[in-house]
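Could you have a look at this structure, given as structure tokens, before my questions?
None of these values were measured; they are calculated from a predicted model. Order of the sequence lines fixes the chain letters, A, B, ..., with proteins taken first and strands second; residue numbering starts at 1 for each chain.
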2 protein chains.
Amino acid sequence: MIDIPQRHQGKRPRVTIVDVANGAGVHVSTASRALNPGTSHRISSKVVRKIEKVAEQLGYKRNTLASSLRTQKTGTIGLIVPNLSDPLFSPIIASVEERVAEDGYVTFVANSDYSPVKLRSIIERMSSQFVAGLVVASFELNDPSVELCLELGIPTVAVLRDPRHPRMSSISMDDVSGVQALVEHILDLGHRDISYVTPPLAASTAQNRLAGFNAATRLAKAAGCRFDVVEARAYDVAEGERIMAHMLASGLTSTAVLAFNDLLAVGCLVALKSAGISCPEQISLTGVNDLPFMNMLSPPLTTLHTAGRDLGLEGADLLMSLIKNLSQPIKRVLLTPHLVLRGSTGPVRKRGSDADPSPVAVQSGAITG
Amino acid sequence: MIDIPQRHQGKRPRVTIVDVANGAGVHVSTASRALNPGTSHRISSKVVRKIEKVAEQLGYKRNTLASSLRTQKTGTIGLIVPNLSDPLFSPIIASVEERVAEDGYVTFVANSDYSPVKLRSIIERMSSQFVAGLVVASFELNDPSVELCLELGIPTVAVLRDPRHPRMSSISMDDVSGVQALVEHILDLGHRDISYVTPPLAASTAQNRLAGFNAATRLAKAAGCRFDVVEARAYDVAEGERIMAHMLASGLTSTAVLAFNDLLAVGCLVALKSAGISCPEQISLTGVNDLPFMNMLSPPLTTLHTAGRDLGLEGADLLMSLIKNLSQPIKRVLLTPHLVLRGSTGPVRKRGSDADPSPVAVQSGAITG
DNA sequence: CTGAAAGCGCTTACAG
DNA sequence: CTGAAAGCGCTTACAG
């Protein structure tokens with residue numbers, strides 16, 4: 001019996017530039033020049049047309065592998081994010097892809113999983129694949145991978161997280177003033193006991209948001225207000241739930257809780273609900289990022305809007321210009337996050353009105369996580 | 001003045017296999033064999049160790065471009081989704097990446113933007129970059145790109161959307177029975193006038209969900225129930241908002257609305273809210289996919305859970321085995337979506353109770369979009 | 001077990 | 001304006 005593969009039997013042979021050259025009756029070097037935008041002007045337009053026609057008819061596609069090997073440059077850029085599943089990165093991925101495609105580049109996306117070790121190995125792998133440049137959303141502060149990119153000579157732009165390296169350009173959100181505005185809004189609402197949930201201070205985002213919190217609370221602290229910082233271990237909903245349950249169990253006195261990001265805030269909200277505590281009546285809550293659907297929660301979440309699409313577009317744009325000219329001044333761009341006021345924040349309860357003994361009491365049985 | 005580039009001056013020279021061979025005092029072919037897992041057993045282990053040590057010291061990284069050009073195979077696979085920003089695709093992207101990484105492949109992600117034309121050009125581009133295989137979530141029914149993949153001889157697996165081609169394997173959700181279960185739940189709640197919002201029937205998902213709706217309503221229709229199908233033009237929140245506003249303006253009589261997906265459902269919810277119609281008291285609402293945060297909406301959305309991670313893992317797994325052996329039987333795998341009952345669906349109002357004239361009345365001023 | 005040589009498909013100085 | 005030739009960095013039949 002003849003063994004016919006059940007699929008793909010029609011594998012068609014690949015057309016090379018040699019086929020095109022033969023078909024057009026010219027030398028391969030002529031065909032190559034004609035088919036390259038940068039050199040086609042050196043060939044008589046009649047011959048160019050002929051070659052283009054033959055290439056079209058034969059369905060010729062340049063072998064980018066061979067081309068890249070020869071020219072030592074590829075049409076690919078790498079994009080590294082710390083968590084592919086976090087909705088925060090969707091618009092960043094989409095917009096980087098879009099912007100670099102304008103210049104004919106394609107994008108490799110990789111997930112560093114919040115690990116500096118994985119980040120390093122991804123960078124090394126991408127370098128060995130000759131990416132033309134890198135957009136990195138995974139850098140931590142003083143991340144040794146920054147030096148690696150510089151040593152390897154790969155044009156690189158940091159987005160979202162700024163490694164704060166004197167030779168690395170970055171596009172990030174102005175977290176300090178953003179969180180400051182958030183705290184001021186909370187103070188305006190009359191809150192005098194506020195907690196902030198921070199992740200480990202590995203990245204600029206974590207450090208800057210804490211700095212914003214501290215800056216805003218410094219004066220108020222002198223005036224007798226109470227501020228507390230609680231450390232989370234991760235960035236996700238589950239951790240937010242755990243932290244809030246823990247805070248409640250330890251006798252939380254705050255009337256407002258600011259979370260590092262929306263995911264933690266949503267987790268806090270879950271824990272508040274299962275403890276039977278109403279938001280914002282008993283506790284006001286805020287996040288950061290303004291992820292999709294945050295306007296549809298119950299209550300809708302007050303947050304800072306992170307312009308993911310702008311981060312991606314500006315980052316990719318800067319990378320494109322860096323690829324054209326590496327020797328340009330380092331830039332550190334801050335985009336202003338805007339405050340999105342929604343239902344999860346409200347005026348602090350007047351003392352003595354409405355009863356209900358503070359601090360917030362909660363049955364230990366109601367605590368999850 | 002001497003012009004010193006401000007960045008990247010330390011660009012280090014690339015180490016090739018020739019350097020390694022020289023350093024180890026062997027021929028490049030020996031170095032190549034020693035450094036390749038498949039051939040290293042042919043070299044004396046002493047020499048292998050020597051070569052590995054030198055490679056390590058020199059920081060040698062194989063140039064994958066050159067390697068791929070020679071072997072005619074790359075370590076990359078392509079993943080094509082119709083919309084990079086839809087949260088539905090995040091777990092698919094993450095899980096495909098994860099699974100193929102186990103076999104040493106890296107992933108190219110591309111966005112077809114719901115356009116068969118863009119899809120074709122992405123496939124052609126990826127083919128010209130010698131991807132080892134493709135995972136495609138963008139196929140429409142009878143999509144000519146399926147033939148293209150087969151002709152090009154690229155191992156390909158369809159996920160989420162099944163092009164229903166006799167020679168294309170696919171992993172998708174069992175939408176027919178899923179939506180059927182959804183309708184039965186709604187009927188159980190007492191609803192007798194139900195509308196379904198469908199997008200254009202280009203993809204299997206659209207066609208199957210409509211088929212599920214029709215199958216479930218056939219009997220009930222004979223029993224005098226009223227069912228309506230409304231056509232949307234897109235898949236997003238804005239379109240859901242527009243459609244629901246339109247339905248309300250045209251005197252919607254249904255007490256339950258099923259939307260093709262969560263995004264449309266959320267849009268419907270927005271329109272209901274701005275029209276002052278309560279969900280589920282006046283109108284029950286369902287989506288499909290169970291995107292993140294759907295459990296946190298107000299009301300939480302009843303929906304079908306799409307196991308994005310499983311689609312990605314199974315799809316990538318099948319692709320890996322296809323790459324190893326193209327001549328294997330075509331598979332069409334259906335995963336069962338499970339029904340997630342939440343607050344957006346509830347019993348139909350008893351007639352005559354509670355007053356409120358049906359059909360749902362609404363001021364035209366309240367209609368958005 | 002190791003070496004010498006050819007070749008993957010391009011591009012680009014070097015000639016003319 | 002076009003051609004002939006070298007070479008990017010690998011891998012792999014072919015010898016020995």
Whole-Å gap separating P (C:dC10) and CZ (B:Phe130) |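 In whole Å, C:dC10 P lies 8 Å from B:Phe130 CZ.
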
Please examine the side chains of A:Val136 and A:Met168, heavy atoms only from C-beta on, and report whether any two atoms are closer than 4.5 Å.
->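 No; the side chains remain at least 4.5 Å from each other.
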
Write down the distance between NZ (B:Lys73) and P (C:dC8), rounded to a whole number of angstrom.
->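 Computing the B:Lys73:NZ to C:dC8:P distance gives 16 Å.
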
Would a distance-only check, ignoring hydrogens and angles, find a side-chain to backbone donor-acceptor pair under 3.5 Å from B:Ser68 to B:Leu65?
->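 No.
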
Considering residues, nucleotides and ligands other than A:Arg42, do more than 12 of their heavy atoms fall under 6.0 Å from its CZ?
->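 12 or below, so no.
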
Look at the side chain of A:Asn36 and the backbone N and O of A:Thr39, then say whether any donor-acceptor pair between them is shorter than 3.5 Å.
->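 Absent.
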
In terms of side-chain heavy atoms of A:Val26, which of C:dA4, D:dT11, D:dG3 is nearest?
->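 Per side-chain heavy atoms of A:Val26, the pick is D:dG3.
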
Can you tell me how far the CZ atom of B:Phe89 sits from the CG atom of B:Asn83, to the nearest 0.5 Å?
->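 Atom-to-atom, B:Phe89:CZ and B:Asn83:CG are 6.5 Å apart.
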
Between B:Arg99 and B:Glu102, is there a salt bridge with N-O shorter than 4.0 Å?
->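 Yes, this pair counts.
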
Let me know the distance between CD of A:Gln72 and P of C:dT12, rounded to the nearest Å.
->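 Roughly 11 Å, once rounded to whole Å.
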
Could you check how far CZ of B:Arg62 sits from P of C:dC8, rounded to whole Å?
->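 One finds 20 Å between P of C:dC8 and CZ of B:Arg62, rounded.
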
To the nearest Å, how far apart are A:His27 NE2 and C:dA15 P?
->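 The answer, rounded to whole Å, is 16 Å.
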
Nucleic acid contacts of residues 34-52 of chain B, taken as heavy-atom distances under 4.0 Å to DNA chain D |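 By residue number: B:Asn36.
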
Spell out yes or no: do the side chain of B:Arg33 and the base of C:dG3 have one donor N/O and one acceptor N/O closer than 3.5 Å?
->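 Side chain to base: pair present.
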
Could you state the CG-P distance from A:Asn63 to C:dC8, rounded to the nearest angstrom?
->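 Going from A:Asn63 (CG) to C:dC8 (P), I get 11 Å.
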
Nucleotide of C:dT2, D:dC10, C:dG9 approaching A:Leu69 most closely (side-chain heavy atoms) |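 Selected nucleotide: C:dG9.
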
